[in-house]
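Report on one structure; see the data block that follows.
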Amino acid sequence: MTVSKRKQDFPILFQQVNDEPLVYLDNAASTHVPTPVINDLVTYMQTSHANVHRGVHTLAERATSQYEAARETVRTFIDASSVKEVLFTRGTTTGLNWVARSLGELVVEAGDKIVISRMEHHSNIVPWQELAKRKQAELIYIDLTEDGELDMADAKEKIVSGVKIVSIAHASNVLGVVNPVKDLAKLAHEVGAVMVVDGAQSTPHMTVSVQELDCDFYAFSGHKMCAPTGIGVLYGKQTWFEKMSPIEFGGEMINFVYDDYSTWAELPYKFEAGTPNISGAIALASAIKYLEEIGLDTITKHEQELVEYVLPKLLAIDGFELYGPRDASKHTGVIAFNIKGVHPHDLATALDMQGVAIRAGHHCAQPLLRYLDVHSTARASFYFYNTKEDADSLVESIIAAKEFFSDGFI
Ligand SMILES: Cc1ncc(COP(=O)(O)O)c(CNc2co[nH]c2=O)c1O
């Protein structure tokens, strides 16, 4: 089945919005869940649901084996060496917070440095701000080039002795750009620092091998890759997870509880306190299988072709301002832009009136927008189920909105 034929698996996309066919271009915020994944979730809930790990009855055994099979599916998807390195979380934000709290306590001392970049999402900024405050450490930002790419020369100058953690997005949810995290991991390890990767915008769009990247931690979210909200993954090298203390405490994560102290369960359960999101994990595994059936490289190619197709048409619009690279080969299908004289919220509202769903605002990247000297932007973000017709609708609706606002609209 061709990539865009996959759209048939998403009934939600075949609806009218404001009497116009929906054109959904907000995939960097959340993607949609295909029918096969919904069916797998329903089947689990209707045939196998029970609490995991401790029950001895048949349903508990069945739920446990499906939950742990989901973990194995995640392991192979990101090419981790062991399921002990795969934690289920609520999403990227939770994973990055766990690393900042637990690894931060372990490796960061007063006067140390933590390095992030100017293009990070708030979830890969604020946990590090809080760690730096707690530990009297310094938070340092790698600058960007004129094209909105990470400035690797600046990275080499800033990732030096005294840096303990480097945490960078594999791809930006605003600029779309893919960062050379393998090279950054090498720089980090050369100075004895730990490499953390925010994989929220990359994992849905490209093949990821955490072993090839040689990163120490990698976090991502299911809702950005055809799974429901509330489920995500934190990958960590086993050597680090063995050293790190749990962040949440209670059931599931203990071995023995005495009056005054407790002992912890083995990995990965040491970090999974309480009843996990069992159905979410099973749905995430189903989404991974769905994406693997299409092929992540096919998805990357399809999105880059869409960007190559639509960017020249957008850049030809008078007053169109692009933030991020023009080179589609460095893209994960995210286009942040403004139309001179039209507030992005007005633009997004006008596009919604034409059935086109885009995002407007700061995209949880206020430091990036300040760095770009812009208050807010519009953002169109593609996924494999978008088509060239969707891209044409984007262009046509922007032109119509521009005319509407420039014809003396009060
Ligand atoms: C690069 C990046 N990092 C972290 C997150 C946080 O993921 P969460 O924990 O699942 O929320 C997001 C979500 N990005 C967006 C969520 O809504 N609009 C967005 O651009 C993201 O794109």
Side-chain angles (χ1 to χ4, degrees), residues 24-33 74 87-101 116-130 141-142 144 148-150 166-179 181 184 196-206 208 213 215 217-235 247 277 280-281 283-284 287 303 323-324 330-337 344-345 348 357-369 371-372 376-383:
Y24 183 81
L25 298 174
D26 194 22
N27 294 289
S30 272
T31 59
H32 288 295
V33 183
V74 173
L87 307 184
F88 286 116
T89 65
R90 257 181 338 114
T92 308
T93 303
T94 302
L96 293 170
N97 273 277
W98 285 8
V99 177
R101 285 208 68 86
I116 59 176
S117 88
R118 290 284 175 202
M119 69 169 79
E120 301 308 320
H121 183 284
H122 292 161
S123 296
N124 198 30
I125 297 173
V126 185
W128 306 113
Q129 286 178 341
E130 291 304 299
Y141 291 75
I142 299 172
L144 310 185
E149 297 186 47
L150 204 72
V166 178
S167 191
I168 304 287
H170 198 175
S172 164
N173 66 314
V174 179
L175 307 173
V177 68
V178 178
N179 292 317
V181 289
L184 288 162
V196 183
V197 180
D198 170 352
Q201 183 60 31
S202 50
T203 316
H205 302 274
M206 57 196 284
V208 170
L213 297 174
C215 57
F217 298 91
Y218 198 98
F220 60 94
S221 302
H223 69 92
K224 287 184 59 132
M225 48 187 286
C226 293
T229 55
I231 188 70
V233 170
L234 173 65
Y235 158 80
I247 298 91
N277 181 355
L284 175 59
E303 290 173 359
Y323 306 98
K330 297 182 175 157
H331 246 277
T332 57
V334 183
I335 300 175
F337 64 96
H345 279 93
I358 67 166
R359 184 58 62 113
H362 54 66
H363 320 295
C364 297
Q366 290 173 6
L368 171 61
L369 269 58
Y371 182 77
L372 297 173
S376 57
T377 82
R379 183 188 72 184
S381 47
F382 294 86
Y383 208 21

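Remember, it's 1-based here, ligands and their atoms both numbered in the order they're listed.
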Test side chain to side chain donor-acceptor pair (under 3.5 Å) on Ser376 and His345; report intermediate values, then the result. CA-CA 9 Å; Ser376 57; His345 279 93; 4.7 Å; no

Take every heavy atom of Arg379, measure it against each atom of ligand 1, and state whether any distance is under 4.0 Å. yes

Nearest to atom 13 (C) of ligand 1, what protein heavy atom do you find, and at what distance? His121 NE2, 3.6 Å

Does ligand 1 have a heavy atom under 4.0 Å from the side chain of His223, from its backbone, from both, or from neither? side chain

Stepwise, does the side chain to side chain donor-acceptor pair (under 3.5 Å) test hold for Tyr383 with His32? CA-CA 10 Å; Tyr383 208 21; His32 288 295; over 6 Å; no

With a 4.0 Å cut-off on heavy atoms, is Ala28 touching ligand 1? yes

Have a look at Thr93, Ile231, Asn97 and point out the one with the heavy atom closest to atom 11 (O) of ligand 1. Thr93

Contact check, Lys224 vs ligand 1, heavy-atom distance below 4.0 Å: yes

Closest protein heavy atom to atom 17 (O) of ligand 1, given as residue, atom name and distance to 0.1 Å: Ala29 CA, 3.5 Å

Quick check: does Ser221 get an N/O under 3.5 Å from an N/O on ligand 1? yes

I'd like to know if the side chain of Ser30 and the backbone of Lys224 have a donor-acceptor N/O pair within less than 3.5 Å. no

Indicate yes or no for a side-chain donor-acceptor contact from Asn179 to the backbone of Ile168 under 3.5 Å, with no hydrogens or angles considered. no

Test your reading of the model: is there a side-chain donor-acceptor pair from Ser221 to the backbone of Thr92, 3.5 Å cut-off? yes

Is Asp198 in contact with ligand 1, taking contact as a heavy-atom separation below 4.0 Å? yes

Between the side chain of Asn124 and the main-chain N/O of Ile116, is any donor-acceptor distance below 3.5 Å? no

Assign the ring pair His362 / His122 to parallel, tilted or perpendicular, where the plane angle (0 to 90°) is split at 30° and 60°. tilted

